[in-house]
Student: 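Attaching a single structure in structure tokens format; questions to follow.
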Number of protein chains: 2
Amino acid sequence: MQMTPAKTKLLNAALRIVRTNGYEATSVDELCRDAGVTKGAFFHHFKSKEDLAVAAAGYWNEVTGKLFAAAPYHDYEDPLDQLIAYIDFRATLLDGRSIPEATCLLGTMVQETYESNPAIRAACFGGITSHAETIADIIRAAKARHAPKATWSAESLALHTQAVIQGGFILAKAKDDLALARDSILHLRRYVELLFHHAKED
Amino acid sequence: MQMTPAKTKLLNAALRIVRTNGYEATSVDELCRDAGVTKGAFFHHFKSKEDLAVAAAGYWNEVTGKLFAAAPYHDYEDPLDQLIAYIDFRATLLDGRSIPEATCLLGTMVQETYESNPAIRAACFGGITSHAETIADIIRAAKARHAPKATWSAESLALHTQAVIQGGFILAKAKDDLALARDSILHLRRYVELLFHHAKED
DNA sequence: GACAACATACCGACTGGTTGGTACGCATAT
DNA sequence: ATATGCGTACCAACCAGTCGGTATGTTGTC
């Protein structure tokens, strides 16, 4: 999608500011100031603040989609290796980043808007589940090869990976330390290893 | 702590409304309307909206502290049984509740305030870690008895339980379905079982 | 036990600043 | 010429917080 400069600048500003201060605490004026455009430009491209949030969720999916598509975890032949490498990749995404830079726009926005703003909630849900689905594909393949008789489902485990990552972000925000998010991802890695290790023993 | 009726009503209103709409989207006027008190009463008891949020976090700890202290998971002799029962108890806390009723005030508030409001962030951190510490005590005992040589720490696993629960809430909010939170808690249960099952084999 | 002095709990009109959103003007490109 | 992209000026609603005031204790003094 071709985008006009002001629109792109506004969306990038939204990713940064909303992840830092949340959706409600982010004002249209601040967004415009940060993007270096005026309010006229804002309401030319977005019919409301809510509309911007929905567009930002879509933009987030675009940006992170490319990031994950280009990530090295795809290079492994064994899907279980891919899964472990994906988890490790999620951990490396915390390195050298501040908390607002490392955390997820969708998880942040949905907390504030799930009850009051169905459109934003749905956009966040779509983004999270579409990413989880790509992980579920990997898990499905890993399960078929290494744990065909396991009782858990690939979809459920994929969503769990996202839950752990999102939950890790919350703890990290609370302590102001991304190490807590890293620790939880490490537990997740161990869980996946134990799950498949256990299945092989049967 | 003895509390005046208006103050208690405001704190109870805060627990409900903030969990529903978030901190920023909750106005002082709405809080007063819901509590059935006036603005004068609000600012008599709290010197600012931020002050109310900090007090609400403390109040949340009181209320949930009693809930967990009276919960049945303490009745087991074996600390590992206690831990599993705690996890199951967390799952039952979702039953028959709406999402705002089931979710955690601290996790919701800290997402919005971690960068812009250190006092609220610290209050949320204190509440989460003090609860996690009670779980860490159980895990420490379970580890001493069943997995003395395990490499993971009780504190880290305790925080991970909280991360999974918080992350489950985010997914539940995104899908508007608490089943997702339940699923993640089930994965957490399996993780703990595998962790100790694995340790016993060594 | 009566009365003054003071504290606590609460009321609700008001304020100055901020909010999301609108109306409209103008330049450029087709 | 007309649609698109953006700037300027503005608005009504709402926001957190203030302030003068009342009603109801509580405490100390004689």
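Reminder, nothing fancy here: chain letters follow the sequence lines and each chain counts from 1. Keep in mind the model is a prediction, meaning the values are calculated, not measured.
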Student: Looking only at the side chains, is there a donor atom on one of A:Asp88 and A:Tyr73 sitting less than 3.5 Å from an acceptor on the other?
Tutor: no
Student: Could you check which of C:dT19, C:dG21, D:dA16 has an atom nearest any side-chain atom of A:Ser48?
Tutor: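 Selected nucleotide: C:dG21.
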Student: Calculate the interatomic distance between B:Glu24 atom CD and C:dT19 atom C1'; express it in whole Å.
Tutor: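 From B:Glu24 CD to C:dT19 C1': 13 Å.
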Student: Under 4.0 angstrom, heavy atoms only, what part of the nucleic acid is A:Ser27 near: base, sugar-phosphate, or nothing?
Tutor: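 Since only primed, P, OP1 and OP2 atoms lie under 4.0 Å of A:Ser27, the category is sugar-phosphate.
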Student: Considering only D:dA16, C:dG12, C:dG20, which nucleotide approaches the side chain of A:Val28 most closely?
Tutor: C:dG20
Student: Tell me: CZ of B:Phe42 to C1' of D:dT18, nearest whole Å?
Tutor: 14 Å
Student: Calculate, to the nearest 0.5 Å, the distance between atoms CG and CZ belonging to A:Leu105 and A:Arg16 respectively.
Tutor: 12.5 Å
Student: Using atom CG of B:Leu31 as one end and atom P of D:dG17 as the other, report the distance to the nearest whole Å.
Tutor: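 Distance check: B:Leu31 CG to D:dG17 P gives 12 Å.
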Student: Under 4.0 Å between a side-chain nitrogen and a carboxylate oxygen: does that hold for B:Glu112 and A:Lys173?
Tutor: no
Student: Quick check on DNA chain C: between A:Tyr23 and A:Gly40, whose nearest nucleotide comes earlier from the 5' end?
Tutor: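 So the residue in question is A:Tyr23.
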Student: Take B:Asn117 and B:Glu50, measure what side-chain contact (heavy atoms from CB on, under 4.5 Å) needs, and give me the verdict at the end.
Tutor: CA-CA 8 Å; B:Asn117 206 312; B:Glu50 168 188 7; 3.0 Å; yes
Student: Where the side chain of B:Phe43 is defined as all heavy atoms beyond and including C-beta, which of C:dC11, D:dT18, D:dT8 is the nearest nucleotide?
Tutor: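 Nearest to the side chain of B:Phe43 among the choices is D:dT18.
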Student: Taking 4.0 Å as the cut-off, does a side-chain nitrogen or oxygen of A:Lys49 come that near to OP1 or OP2 on C:dG20?
Tutor: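 Yes, A:Lys49 has a side-chain N/O under 4.0 Å of OP1/OP2 on C:dG20.
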Student: What is the distance from CG of A:Asp29 to C1' of D:dC11, rounded to the nearest Å?
Tutor: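 It is 13 Å, rounded to the nearest whole Å.
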Student: Closest to the B:Lys39 side chain: C:dC11, D:dG17, C:dG21?
Tutor: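 Of the candidates, D:dG17 comes closest.
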Student: Find the distance A:Leu52:CG to C:dT19:P and express it as a whole number of Å.
Tutor: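 Result: 15 Å.
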Student: Using a heavy-atom cut-off of 4.0 Å across all strands, would you classify B:Lys47 as base, sugar-phosphate, or nothing?
Tutor: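 Nothing, no nucleic acid heavy atom in range.
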Student: Write down the distance between NE2 (A:His45) and C1' (D:dG7), rounded to a whole number of angstrom.
Tutor: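 Interatomic distance, NE2 of A:His45 to C1' of D:dG7: 12 Å.
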Student: Are any of A:His44's side-chain N or O atoms less than 4.0 Å away from OP1 or OP2 of D:dG5?
Tutor: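 Yes, because at least one side-chain N or O of A:His44 sits under 4.0 Å from OP1 or OP2 of D:dG5.
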Student: 5'-most contact on DNA chain D: A:Thr38 or B:Glu50, nearest heavy atom basis?
Tutor: A:Thr38
Student: Charged N to carboxylate O below 4.0 Å: is that the case for B:Glu133 and B:Arg140?
Tutor: yes
